[in-house]
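So the structure is just underneath, and the comments pick up after that.
Fair warning: this is a prediction, and the values are worked out from it, not measured in the lab. Proteins come first, then strands; the chains are lettered A, B, ... in the order of their sequence lines, and each starts at number 1.
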Amino acid sequence: MAKSAEEVLVERSKRGDVAAFEELISQYEKKVYNLAYRLTGNYEDASDVAQEAFLRAFSRIREFRGDSSFATWLLRIVSNACLDELRKRRRQRLTSLDEPVLTEEGDMQRQFADSGDGPEQTLERREIQRAVQESINSLDEEFRMVVILRDIQGYSYEEIAAILDLSLGTVKSRLNRARHALKEKLISMELFSPKIVYTGGKGVNR
Amino acid sequence: MRCDSVRDLLAEFLDGTLDHREALLVGKHLERCPACADDLADLKHSIQLCASLGEVDLPPDFRPKLRARLLELVAEQQPVRSGLVTLLRRRFAQASLRWGMAAAAAALALVLAYNGFSWPGRQVPMVEVSQDTSMWPNLYALKIEGGQAPEQDKSSPEKPGLKEKPTWIIMKSRKENRKLIKTGTVDLEAGNAREALDQIARMAEELDGHIEVSDPANGNGGEPGPIVLRLPSDAFDQMLAQIAKAGVVRDQVLNAQDVTDAYIEAEIRLWFLRAREKWLVELLGQSHSFSQVLALEQELGKIREAIQPLSDQLAFFDEAASTSAITINLVR
């Protein structure tokens, strides 16, 4: 049977061919970087974390046997590497100064430079996005991971279960809890405009 | 269905992954329970906010940085081993296994000495190579006894104060003295080989490189042979990008070799030989008997003979690590 282009690239990467590995990961680079960015909440850490993740994937590519798709295998390595880095950084932060994990102003300007909105809408959108990112950062790492994979990157439950090496049931309950936690956080940040709809006796101002 | 069990199913309800029966039960509950319906609306809103977060672009330095680190990783996996450094590592590993890290340092010292030639009443120069445990394997300490200090050493922070005694300690950081030899091979498809070759030559020149080997088509329609470019290491990535513009890249192989160990070993041996050489010259100046002079000169000749290939090897490594080679195969 003829080998697919991906299989050839995997074989070559296993022999230490950097160019083949670069080609192999080229279609996942942006996804991985964005995953790292949403997990860490800032560009600098995202770059470091994503680089670490790819380096780990390269050094362990000989372990890839084709039991799952390459994309799933890569994302599993990447998500583990990201979580390890996050935990490491959290420990460092605890022992050093309390650095904010918030997105910096400059980062946001980069992100919305081409949104085409007027300055006011841009500012408002920027504020909202910053608040959403901040809310995501307030979740535990495991919750953060499922919310990002499902609601930002759009993976299916099955894919997430394969990537995180969890049972489907665990993914479901974890995602459910993560979404509720995120929702509560967003409400507490007054990010939802007050609703006129029936509020079930909880009051109108929320 | 009770509110808390509905709550557990809301996320799935939104994703449409509940089975028909469950979805029906949740739907019914939502019709009757405004609190849960409200919860659902908030959840929906929150998910929409997440989905509205745009994708960010890779920073421009992401790929070059990653490539540099990948090449380092590859180089580490296939280092050019040196006998001396390997011996040092093995000793260290054995010692630390037996007695723990702290004791390993003591067992580590490796002494280079010429036993074949001695001088009555004078200490023979000795070189002791060891590694600092705290920074191992990135640091080598070199101690030279009984000879002369190697003159050229800028990297030696320990020299002052030791001058009176004929002992020198030289620290070499493996990391700072890292020598990587990068090589690339590109299969390039070009409509007109001649034109592509000219274009590549121009680009190489702009980047301070040159064509080392070129075997253009032999007259009418013969296959052109490979072209080897040599250019400064820093220009490696830039040149690869430029080559891609001269045609269609069919295949590309990038590689790197770590020759740091071999380099450090050659340096260590060279220092030792130079120390030995000075010592002999000094003795020669004090000798008056013909047989003594003869013996010293004979020994000196041997040392100088050994110095030459070592300095050649260092020069080769320096050249190879500060430049990189790209081989281009023109294909049709």
Side-chain angles (χ1 to χ4, degrees), chain A residues 12 16-23 25 29-31 33-34 37-38 43 46-47 50-51 54-55 58-59 107 110-112 115 125 128-129 131-133 135-136 147-148 150-152 154 156-157 172-173 175-180 182-187 191-192 195 197-202, chain B residues 3 7-15 17-18 33-59 61-63 65-78 182-186 240 249 251-257:
Chain A
R12 283 176 49 185
D17 183 345
V18 170
F21 185 72
E22 283 178 341
E23 202 179 326
I25 60 169
E29 271 175 330
K30 205 168 170 186
K31 268 240 144 107
Y33 179 69
N34 272 275
Y37 173 61
R38 292 303 169 198
Y43 286 103
S47 229
Q51 297 246 341
F54 280 126
L55 286 171
F58 186 60
S59 60
D107 288 354
R110 247 170 71 193
Q111 192 180 345
F112 296 110
S115 68
R125 267 187 64 179
I128 293 174
Q129 307 237 354
V132 174
Q133 180 69 56
S135 307
I136 292 172
V147 162
I148 293 168
R150 176 76 197 116
D151 292 334
I152 300 180
S156 71
Y157 285 46
K172 284 177 183 174
S173 67
L175 181 65
N176 193 57
R177 281 164 66 196
R179 278 175 169 175
H180 278 287
L182 182 63
K183 176 203 67 184
E184 294 304 327
K185 182 75 190 171
L186 290 170
I187 289 172
L191 225 70
F192 294 171
K195 275 193 285 300
V197 293
Y198 185 68
T199 54
K202 278 195 265 172
Chain B
C3 282
R7 215 180 112 90
D8 289 346
L9 295 174
L10 282 183
E12 275 200 81
F13 181 76
L14 279 170
D15 283 326
T17 57
L18 288 178
C33 175
C36 282
D38 206 23
D39 213 18
L40 184 76
D42 284 344
L43 263 183
K44 216 176 191 169
H45 192 171
S46 145
I47 291 168
Q48 274 165 0
L49 277 176
C50 283
S52 77
L53 292 175
E55 270 211 318
V56 295
D57 282 329
L58 285 173
D61 65 344
F62 189 83
R63 287 197 179 117
K65 239 161 115 185
L66 183 62
R67 173 176 288 175
R69 293 182 68 188
L70 286 169
L71 282 172
E72 273 176 25
L73 201 65
V74 167
E76 264 166 32
Q77 285 167 355
Q78 44 188 13
K182 287 195 264 185
T183 51
T185 308
V186 182
L240 284 173
V249 176
D251 199 9
Q252 183 169 282
V253 178
L254 304 180
N255 217 325
Q257 260 191 327

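Comparing A:D151, A:I148, A:I136, A:V147 by how many heavy-atom pairs each has under 4.5 Å with chain B, the most go to A:D151. Interface remark: of the candidates B:V253, B:L240, B:D15, B:D15 forms the most heavy-atom pairs closer than 4.5 Å to chain A. Note: B:I47 leads B:L71, B:I47, B:D61 in heavy-atom pairs under 4.5 Å with chain A.
In this structure, chain B has no heavy atom under 4.5 Å from any part of A:A178. Looking at A:E22, the atoms closer than 4.5 Å to chain B (heavy atoms on both sides) all sit in the side chain, from C-beta outward.
Of the inter-residue distances, the one linking A:S135 atom OG with A:Q133 atom CD reads 9.0 Å to the nearest 0.5 angstrom. Taken from NZ in A:K183 to CZ in A:R179, the straight-line distance is 11.5 Å, to the nearest 0.5 Å.
Take A:E23 and apply the side-chain contact (heavy atoms from CB on, under 4.5 Å) test, not counting sequence neighbours, and it matches A:L9. A:R177 is linked by a side-chain contact (heavy atoms from CB on, under 4.5 Å) to A:F143, counting only residues two or more places apart in sequence or in another chain.
Between A:F21 and A:F54, the ring planes are perpendicular. Angles over 60° get that label, and only those under 30° would be called parallel.
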